[in-house]
Protein chains: 2
Amino acid sequence: MSEEQYLAAYDPRAYPAVAVTVDVVTLTIREGALHLLLVRRAEQPYADFWALPGGFVRPAEDLDAAAGRELAEETGLGGEDLHRVHLEQLASYGTPGRDPRMRVVSIAYLAFAPDLPEPSAGTDAGEAEWLPLAALPSRRLAFDHERIVADGLERARAKLEYTPLATRFLGEEFTIADLRAVYETVWGHPLHAGNFHRKVLSVPGLVESTGATTEHGGPRGGPRARLYRAGDARLLHPALLRPATEETAR
Amino acid sequence: MSEEQYLAAYDPRAYPAVAVTVDVVTLTIREGALHLLLVRRAEQPYADFWALPGGFVRPAEDLDAAAGRELAEETGLGGEDLHRVHLEQLASYGTPGRDPRMRVVSIAYLAFAPDLPEPSAGTDAGEAEWLPLAALPSRRLAFDHERIVADGLERARAKLEYTPLATRFLGEEFTIADLRAVYETVWGHPLHAGNFHRKVLSVPGLVESTGATTEHGGPRGGPRARLYRAGDARLLHPALLRPATEETAR
DNA sequence: TGAGAACAACTCACTCTGAGAATAACCCCA
DNA sequence: TGGGGTTATTCTCAGAGTGAGTTGTTCTCA
């Protein structure tokens with residue numbers, strides 16, 4: 001049988017039905033705190049629960065494209081803003097029973113976004129909101145989304161160490177202090193300002209100077225700060241390591 | 001996502017069929033060289049091509065379990081040997097058209113195995129073999145498996161840096177030189193024996209002494225070496241960093 | 001105008017790393 | 001059986017990197 005004949009005779013329906021979805025863990029920093037994008041489910045199962053934005057992958061759609069589409073739909077953002085968002089595959093979740101309706105395998109994505117406007121402007125999803133991560137423990141999410149969020153957070157923290165993705169939480173131009181605030185927020189503890197400054201400038205390709213400075217000093221005083229933009233490095237060498245957390249996973 | 005999910009809940013078959021498979025990138029070290037487990041495809045498409053072992057996820061089977069099952073089937077190993085194999089999810093691949101038959105989303109896994117016997121003992125797959133990675137460039141694999149292998153290799157190299165998984169390539173007991181050989185093989189360049197030795201013993205939880213030594217010296221001379229077993233660390237602090245590779249991904 | 005805040009640069013002690021070398025145990029071969 | 005070559009393990013040393021604190025300046029706010 002030739003390959004053509006084989007394909008013509010092939011019956012895809014002979015296989016058990018499995019649905020494939022994408023879910024996106026979208027992180028941003030608002031008012032100095034890490035926030036997560038959630039939508040409220042309108043229907044069963046888990047009606048009225050908050051969940052990660054996501055949905056079915058369309059028949060001729062690539063996985064990455066599906067994740068980007070879901071993110072755009074849920075945030076109500078056009079390509080312009082979305083261009084600055086970093087989107088990467090996180091992991092896949094397919095334990096039988098994770099969706100009570102049928103077998104669903106979900107490909108989770110992780111997104112780093114600059115401070116975006118309030119979500120849900122003109123989307124088909126009902127409510128959407130940025131939830132401060134500090135408020136997450138008191139909220140039960142639909143499906144296994146709590147686990148997915150936890151995995152995404154850990155990935156995000158690790159990624160700040162060896163990639164310049166922290167800059168994706170900021171605008172086009174930023175100060176070293178802005179960048180430090182990102183690290184402090186995501187890692188959850190303060191860093192030594194002087195050492196951070198030295199380190200950031202010493203890592204090749206992390207940031208490059210714009211030559212300009214802020215218009216004014218900080219709101220509580222201090223000199224104008226120099227402005228930088230993201231550099232061209234994809235990986236940081238040497239990495240910006242998190243301060244040892246004592247027995248980090250023995 | 002409303003009408004679509006509604007329909008899905010009542011008639012899964014109403015959905016465009018998507019098949020979910022697992023593929024496993026299995027690495028081992030044989031005769032001082034990194035090897036990859038491959039099987040030869042007996043059927044269309046890509047008949048006679050070599051491919052990663054893998055197959056369809058069964059209806060009530062977890063993804064991890066499916067990967068473990070495929071690995072066991074293909075290597076012909078029982079639970080005893082498989083217990084020492086490290087298996088983790090690598091990434092998912094679902095570009096439309098990657099399988100000419102239908103939409104197939106594949107969850108790829110990465111496995112680190114100690115030196116295993118020749119594969120394919122009594123399996124349903126036709127041929128199976130350990131391919132030295134050095135021979136890979138001259139061989140075309142089925143589907144997008146070359147890409148998956150490349151991703152798996154990069155992940156493996158990175159994992160050696162911050163996890164004790166190098167020990168998974170070795171037996172229960174090993175010498176520091178054995179461990180160094182694993183790093184040199186996977187990373188592809190020699191390491192300074194003295195510095196490696198100092199570093200391995202200084203990282204908490206990487207290895208622990210058994211108190212014993214090898215029975216004899218090396219085949220070409222040298223003293224007996226002390227034996228160690230894997231420690232209890234899951235993450236290495238500080239990490240065993242690869243020597244800077246000059247512009248690693250600028 | 002003075003106090004407080006914060007950017008930027010610098011100092012200093014300590015740790016970690018790469019490179020080389022020393023010591024000693026052990027194999028193989030003459 | 002003795003010597004040469006090989007390898008495990010330990011040391012030394014200089015240079016790079018890091019944590020913590022200090023200094024000088026610029027700026028905002030009261």
Donor-acceptor pair, side chain of B:R155 and main chain of B:L90, under 3.5 angstrom: yes
Could you give the CZ-to-P distance, from B:F196 to C:dC16, as a whole number of Å? 18 Å
With a 4.0 Å cut-off on heavy atoms, is A:A193 in touch with a base, just the backbone sugar-phosphate, or nothing at all? nothing
Round to a whole Å and report the spacing from NZ of B:K199 to C1' of D:dA8. 20 Å
Between atom CG in B:L179 and atom P in D:dA8, what is the gap in whole Å? 12 Å
Separation of atom CD1 in B:I176 from atom P in D:dT9, rounded to whole Å: 7 Å
Choose from C:dC26, D:dT9, D:dA8 the nucleotide whose nearest atom is closest to any side-chain atom of B:R224. C:dC26
Can you list, pair by pair, the side-chain donor-acceptor contacts under 3.5 Å of residues 160-167 of chain B, counting residues two or more places apart and other chains?
{"from": "B:E161", "atom 1": "OE2", "to": "B:R242", "atom 2": "N", "distance (Å)": "2.8"}
{"from": "B:E161", "atom 1": "OE2", "to": "B:R242", "atom 2": "NE", "distance (Å)": "3.3"}
{"from": "B:T163", "atom 1": "OG1", "to": "B:K159", "atom 2": "O", "distance (Å)": "2.6"}
{"from": "B:T163", "atom 1": "OG1", "to": "B:L165", "atom 2": "N", "distance (Å)": "3.4"}
{"from": "B:T167", "atom 1": "OG1", "to": "B:P164", "atom 2": "O", "distance (Å)": "2.7"}

Between B:R180 and A:E215, just flag the one whose closest nucleotide in DNA chain D comes earlier from the 5' side. B:R180
Need one value for A:G217: base, sugar-phosphate or nothing, where a base atom within 4.0 Å counts as base even if backbone is also close, heavy atoms only. sugar-phosphate
Nucleotide D:dA20, atom P - distance to CZ of A:R198 in whole Å: 11 Å
Between B:R220 (CZ) and C:dC26 (P), how many Å, whole number? 18 Å
Applying a 4.0 Å non-hydrogen cut-off, can you work out what B:H192 is touching in the nucleic acid: base, sugar-phosphate, or nothing? base
Counting heavy atoms from C-beta on, name the nucleotide in D:dG21, D:dT10, C:dA19 closest to the side chain of A:N195. D:dG21
Should the pair A:F112 and A:F169 be assigned to parallel (<30°), tilted (30 to 60°) or perpendicular (>60°) ring geometry? parallel
Parallel, tilted or perpendicular: which one describes the rings of A:H145 and A:F143, with boundaries at 30° and 60°? tilted
B:L241 has an atom CG; how far is it from atom P of D:dG17, in whole Å? 13 Å
Starting at NE2 of A:H216 and ending at C1' of D:dC27, how long is that distance when rounded to a whole Å? 11 Å
Between B:R147 and B:D151, does at least one N-O distance fall below 4.0 Å, as a salt bridge requires? yes
Pick the nucleotide of DNA chain C nearest each of B:P219 and B:P238; which residue has the one closer to the 5' end? B:P238
Reckon B:R226 has a side-chain N or O less than 4.0 Å from the OP1 or OP2 of D:dT10? yes
Go through C:dG18, D:dG19, D:dA8 for me and flag the one nearest to the B:P223 side chain. D:dA8
